[in-house]
Peer 1: 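After the structure tokens below, expect a handful of questions from me.
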Amino acid sequence: MTTPRPLVRPARVLAAALAAGTLFATAACSGSDSSASPESDASSTVAERGLAAAQTTSPAASESPSDLSEEGARNALITPADIEDDWTQVRDPREWRDTLLVGSVDVAAFVDGQSDVQDCQRLVDALFQETLLGKPTGASAVTGFQQGDSRLLYQVAAYDKAELDDSMQWLSELPDACDQFTLTGGDAGERTVQVIETSLPQAGDNRQGLTVTVKGESNGDPVTLSLDVAAVQIGADAITVTNGGLDGADHDTTSAAVKQGTQRLQEVLAGLTPSPTPSGIN
């Protein structure tokens with residue numbers, strides 16, 4: 001009587017197939033150099049991509065990176081016509097990192113302080129920086145505007161998608177985590193900071209609006225600084241807006257910047273060059 005052959009377990013078959021695929025990918029990689037033919041390069045790339053796909057479990061890893069170019073980021077910046085009123089574009093808003101004089105008050109120094117809550121400290125550190133959503137990993141462009149005692153900082157940038165998702169989630173949690181906290185240090189003494197959520201136009205894939213109010217004293221006089229903070233995400237790209245001053249934050253201007261700015265970025269990502277915004281927009 002013939003002894004039946006044992007059945008091969010499916011798991012062993014799968015393991016053998018994966019091992020063969022790994023060996024194929026390894027051989028393709030080790031055999032490639034600067035003199036390799038285009039055909040061998042293509043085979044190596046296909047093998048590597050196939051192996052990476054088999055080993056990857058994170059959805060974010062399969063998402064396309066940003067296609068935003070430096071020229072595209074600049075084209076996506078808003079103009080004075082996008083926000084109307086009497087806003088004047090400034091030469092270099094990056095100078096606001098160190099000093100931002102509004103009347104006799106250095107607003108940048110006024111919000112420079114220490115908080116016992118890490119998330120709140122991160123917000124304070126980023127208000128007049130270009131790091132509200134973290135450090136860009138690709139193209140980035142920034143512009144700024146002033147009107148009386150108000151300042152508006154606007155940025156377009158490309159990020160690591162997973163890190164951008166985390167930053168947007170962090171922003172959404174701030175009204176609860178940092179609804180009210182105290183800043184210490186610096187020449188302004190103790191300042192009370194409040195963070196509330198505000199609404200934004202329906203734009204992009206994800207969006208978050210905040211109003212940050214800082215109350216304290218400067219040169220012995222009471223000071224209240226109000227800032228709108230807004231971020232809109234489109235894939236791995238985003239726009240950010242910081243708008244306000246000692247006379248309060250103009251929410252209509254923030255909404256206009258978000259609405260017009262998102263449209264401009266979407267046009268750039270579609271391969272178009274945004275047309276100049278006509279004056280008198282609605």
Peer 1: Checking side-chain polar atoms at under 3.5 Å, does Gln121 have a donor or acceptor matched by the opposite partner on Asp125?
Peer 2: yes
Peer 1: Indicate whether the side chain of Ser255 and that of Asp252 have a donor and an acceptor atom separated by less than 3.5 Å.
Peer 2: no
Peer 1: Does any non-hydrogen side-chain atom of Ile78 lie less than 4.5 Å from one of Val241?
Peer 2: no
Peer 1: Less than 4.5 Å apart, side chain to side chain, heavy atoms only: is that true for Leu227 and Phe128?
Peer 2: yes
Peer 1: Taking atom CG of Asp160 and atom NZ of Lys135, what is their separation to the nearest 0.5 Å?
Peer 2: 13.0 Å
Peer 1: Got more than 12 heavy atoms from elsewhere within 6.0 Å of CD, Glu173?
Peer 2: yes
Peer 1: Begin from the C-alpha positions of Val142 and Leu153 and carry the test side chain to side chain contact (heavy atoms under 4.5 Å, CB included) through to its verdict.
Peer 2: CA-CA 7 Å; Val142 64; Leu153 182 67; 3.6 Å; yes
Peer 1: State, yes or no, whether a side-chain contact exists between Ser115 and Leu183 at a heavy-atom distance under 4.5 Å.
Peer 2: yes
Peer 1: Quick check for you: to the nearest 0.5 Å, what is the distance between Phe145 atom CZ and Thr79 atom OG1?
Peer 2: 6.5 Å
Peer 1: For a side chain to side chain contact (heavy atoms under 4.5 Å, CB included) check, start with the C-alpha distance between Asp85 and Asp250, then their side-chain angles and the critical distance, and finish with the verdict.
Peer 2: CA-CA 11 Å; Asp85 293 335; Asp250 185 341; 3.8 Å; yes
Peer 1: Nearest 0.5 Å, what's the NZ-CG distance between Lys161 and Asp166?
Peer 2: 10.0 Å
Peer 1: Between Gly248 and Ser150, which heavy-atom pair has the shortest distance, and what is it?
Peer 2: O-OG, 4.1 Å
Peer 1: Hey, does the side chain of Arg151 reach the backbone of Thr242 with a donor-acceptor pair shorter than 3.5 angstrom?
Peer 2: no
Peer 1: Please check if the side chain of Arg207 supplies one atom and the backbone of Ala230 the other of a donor-acceptor pair under 3.5 Å.
Peer 2: no
Peer 1: Going from OG1 on Thr131 to CZ on Arg122, what distance comes out if it is rounded to the nearest 0.5 angstrom?
Peer 2: 8.5 Å
Peer 1: Looking only at non-hydrogen atoms, find the nearest pair between Phe110 and Gly216 and report the distance.
Peer 2: CZ-N, 3.6 Å
Peer 1: Determine whether more than 12 heavy atoms belonging to other residues, nucleotides or ligands lie under 6.0 Å from atom CD of Glu71.
Peer 2: no
Peer 1: Tell me the closest heavy-atom pair linking Ala177 and Asp119, and the distance in Å.
Peer 2: CB-OD2, 4.4 Å
Peer 1: Does any pair with a residue in residues 108-212 pass disulfide (SG to SG under 2.5 Å), and if so which ones, sequence neighbours excluded?
Peer 2: Cys120-Cys178
Peer 1: Would you check if there is a donor-acceptor pair between the side chains of Ser140 and Gln155 at a distance under 3.5 Å?
Peer 2: yes
Peer 1: I need the Ser172 OG to Glu197 CD distance, nearest 0.5 Å.
Peer 2: 8.0 Å
Peer 1: Considering all heavy atoms of both residues, which atom of Gly144 and which atom of Pro93 are nearest to each other, and what is their separation?
Peer 2: N-CG, 3.6 Å
Peer 1: Does a side-chain heavy-atom distance below 4.5 Å link Leu164 with Gln233?
Peer 2: yes
Peer 1: Given the rule in the side chain to side chain contact (heavy atoms under 4.5 Å, CB included) test, do Leu152 and Gln147 qualify, once you have shown the distances and angles that lead to the verdict?
Peer 2: CA-CA 9 Å; Leu152 188 152; Gln147 176 181 255; over 6 Å; no
Peer 1: Stepwise, does the side chain to side chain contact (heavy atoms under 4.5 Å, CB included) test hold for Tyr154 with Ile83?
Peer 2: CA-CA 11 Å; Tyr154 187 93; Ile83 49 180; over 6 Å; no
Peer 1: What are the two closest heavy atoms between Pro175 and Leu210, and how far apart are they?
Peer 2: CG-CD2, 3.6 Å
Peer 1: Determine yes or no for a side-chain-to-main-chain donor-acceptor pair under 3.5 angstrom, with Arg191 supplying the side chain and Gly185 the backbone.
Peer 2: yes
Peer 1: Does any non-hydrogen side-chain atom of Leu174 lie less than 4.5 Å from one of Val212?
Peer 2: no
Peer 1: With a 4.5 Å limit on heavy-atom distance, are the side chains of Glu190 and Glu217 in contact?
Peer 2: no
Peer 1: Got Leu133 and Leu171 here, is their nearest side-chain heavy-atom distance under 4.5 Å?
Peer 2: yes
Peer 1: If we only count heavy atoms from C-beta on, is the Leu265 to Thr262 side-chain gap below 4.5 Å?
Peer 2: no
Peer 1: Find the distance between OG1 (Thr273) and CG (Asn75) and round it off to the nearest 0.5 Å.
Peer 2: 5.5 Å
Peer 1: Using a 6.0 Å cut-off, check whether atom CG of Asp92 has over 12 heavy atoms from anything other than its own residue.
Peer 2: yes
Peer 1: Measure from the side-chain N and O atoms of Arg74 to the backbone N and O of Ala141, and report whether any donor-acceptor pair falls under 3.5 Å.
Peer 2: no
Peer 1: Can you tell me if Thr182 uses its side chain to pair, donor with acceptor, with the backbone of Thr192 under 3.5 Å?
Peer 2: no
Peer 1: Locate the shortest heavy-atom distance separating Ala238 from Tyr159; write the atom from each residue and the value.
Peer 2: CB-CE1, 3.9 Å
Peer 1: Please answer whether the main-chain N or O of Gly209 pairs with a side-chain N or O of Asp228 as donor and acceptor at a distance below 3.5 Å.
Peer 2: no
Peer 1: Do Asn243 and Thr254 pair up side chain to side chain, a donor and an acceptor below 3.5 Å, judged on atom types alone?
Peer 2: yes
